[in-house]
Amino acid sequence: RAGIVVAIDGPSGSGKSSAARGVARRLELRYLDTGAMYRAITWWMIQVGVPVDDSDEVAARSSEPEIEVGIDPEHPTIAVDGVDVAGPIRSREVTNAVSAVAAVPAVRRRMVEIQRELIGSGGIVVEGRDIGTTVAPKAHVKVYLTAHEEERARRRAAEGLAGAKLELTLTQKEMALRDRKDSSRTTSPLNKAADAVVLDTTELNLQQVIDRICALAGEHA
Ligand code: C5P
C-alpha cells in the first residue's frame, strides 16, 4: 500500500489526531496534521500583530511566514520560520483564533498547495476538515469521524490543563463555536465527503477506531 492516501476528517475532539497517527504508525505510512498548519499560521498572525478578524489583512500577509511540517508519525513537527511552535499552537488563544484565519481563501490556497505537495504520490494518512472533499478528493480511504458533543469536549478538556467541571463547560462552548465557524465558512467548510465512511467514536476506544480504519485500508493488523 505504498501509494495509499487515507483521509480523516471530522470536528474537533472527534479523535482524529490520535487515530490518524495510530493508523500511520501501524501501516507504516507518513502522517500529515493539516490542523497544525492552520494553527501555525494563526500563531504567526498573532505574533506579528495582525488582527485575526481582519480577513483582508490576513490575506495580504498570508504568504509571509514559512510553514514547515514534519510528517514522520513517530515525531510530527511543526515550525514557522525555523521556530518550533508545537507547544504554542495548542494555546487557547490560537485555538480560539484559528477558525477566522482558516476561513480566509488566500490562507487555504496556500495551505492546500503545501499539503498536496507533501501528499505527493501517497503513502500517507492526512487529517483535517476538508481532506476528503478538497485536498485529496481521490483518497483511497475516506473516514469522517464524529462523536457526541459532550464526549468530544470531555476529551479536549482531558488533553488540556485541568479537567475541572468549569473548564469542561467552557471547552464545550468554545469547541461548539469553532465547529460552527468551520462548518459555515464559504471556502471548503467542514463537510463529510459523499463517499466517506462515517465512524462515530463516542463508544469506541482508540484501538477500536484504529482497527476500523486499518480494516478499511485493507490491512488486518
Ligand atoms: O484539527 P485542529 O483542531 O488542530 O484544527 C484547528 C483548526 O484548523 C480548525 O478548527 C479549522 O479552523 C482549521 N482547519 C481547517 N482545515 C483543515 C484542518 C484544520 O480549516 N483541513
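Remember, it's 1-based here, ligands and their atoms both numbered in the order they're listed.
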Colleague: How close does the nearest protein non-hydrogen atom get to atom 12 (O) of ligand 1, and which residue and atom is it?
Modeller: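 Nearest neighbour among protein heavy atoms for atom 12 (O) of ligand 1, to 0.1 Å: Asp182 OD1, 2.6 Å.
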Colleague: Hey, is Arg185 touching ligand 1 through its side chain, its backbone, both or neither, going by heavy atoms under 4.0 Å?
Modeller: side chain
Colleague: Quick one: nearest non-hydrogen protein atom to atom 18 (C) of ligand 1, plus distance?
Modeller: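 Its nearest protein heavy-atom neighbour is Thr34 OG1, 3.3 Å.
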Colleague: Can you tell whether the side chains of Asp33 and Arg21 come within less than 4.0 Å, N to carboxylate O?
Modeller: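 Salt bridge flag = no for Arg21 with Asp33.
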Colleague: Please list the nearest protein heavy atom to atom 13 (C) of ligand 1 with its residue and the distance rounded to 0.1 Å.
Modeller: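 Sorting protein heavy atoms by distance from atom 13 (C) of ligand 1 puts Ala102 CB, 3.8 Å first.
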Colleague: In plain terms, say whether Arg110 and Glu113 are close enough for a salt bridge, that is, a side-chain N and a carboxylate O under 4.0 Å apart.
Modeller: no
Colleague: Taking Arg39 as the fixed residue, which of Thr34, Thr95, Val80 is the one that meets the side chain to side chain contact (heavy atoms under 4.5 Å, CB included) rule?
Modeller: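 Testing Arg39 for a side chain to side chain contact (heavy atoms under 4.5 Å, CB included) against Thr34, Thr95, Val80 leaves exactly one candidate, Thr95.
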Colleague: So is there a nitrogen or oxygen of Arg178 less than 3.5 Å from a nitrogen or oxygen in ligand 1?
Modeller: yes
Colleague: Quick check: does Arg39 get an N/O under 3.5 Å from an N/O on ligand 1?
Modeller: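 Checking ligand 1 against Arg39, an N or O pair does fall under 3.5 Å apart.
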Colleague: Is any NZ, NE, NH1 or NH2 atom of the basic residue among Arg26 and Asp211 found under 4.0 Å from an Asp or Glu carboxylate oxygen of the other?
Modeller: yes
Colleague: Taking the non-hydrogen atoms of Arg108, is any one of them nearer than 4.0 angstrom to ligand 1?
Modeller: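 Flag set, Arg108 near ligand 1.
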Colleague: Got the closest protein heavy atom to atom 14 (N) of ligand 1, with its distance?
Modeller: Tyr38 CD1, 3.6 Å
Colleague: What residue and heavy atom of the protein are closest to atom 1 (O) of ligand 1, and at what distance?
Modeller: Arg129 NH1, 2.9 Å
Colleague: Can a salt bridge be assigned to the pair Glu151 and Arg155 using a cut-off of 4.0 Å between side-chain N and carboxylate O?
Modeller: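 Looking at Arg155 together with Glu151, the answer is yes, because their closest N to O distance falls below 4.0 Å.
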Colleague: Which atoms of ligand 1 have any heavy atom of Asp130 under 4.0 Å away?
Modeller: 16 (N), 17 (C), 21 (N)
Colleague: Between Tyr31 and Glu74, do the side chains contain an N or O donor and an N or O acceptor separated by less than 3.5 Å?
Modeller: no
Colleague: Taking 4.0 angstrom as the limit, do Arg129 and Asp182 come out as a salt bridge?
Modeller: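 Yes, this pair counts.
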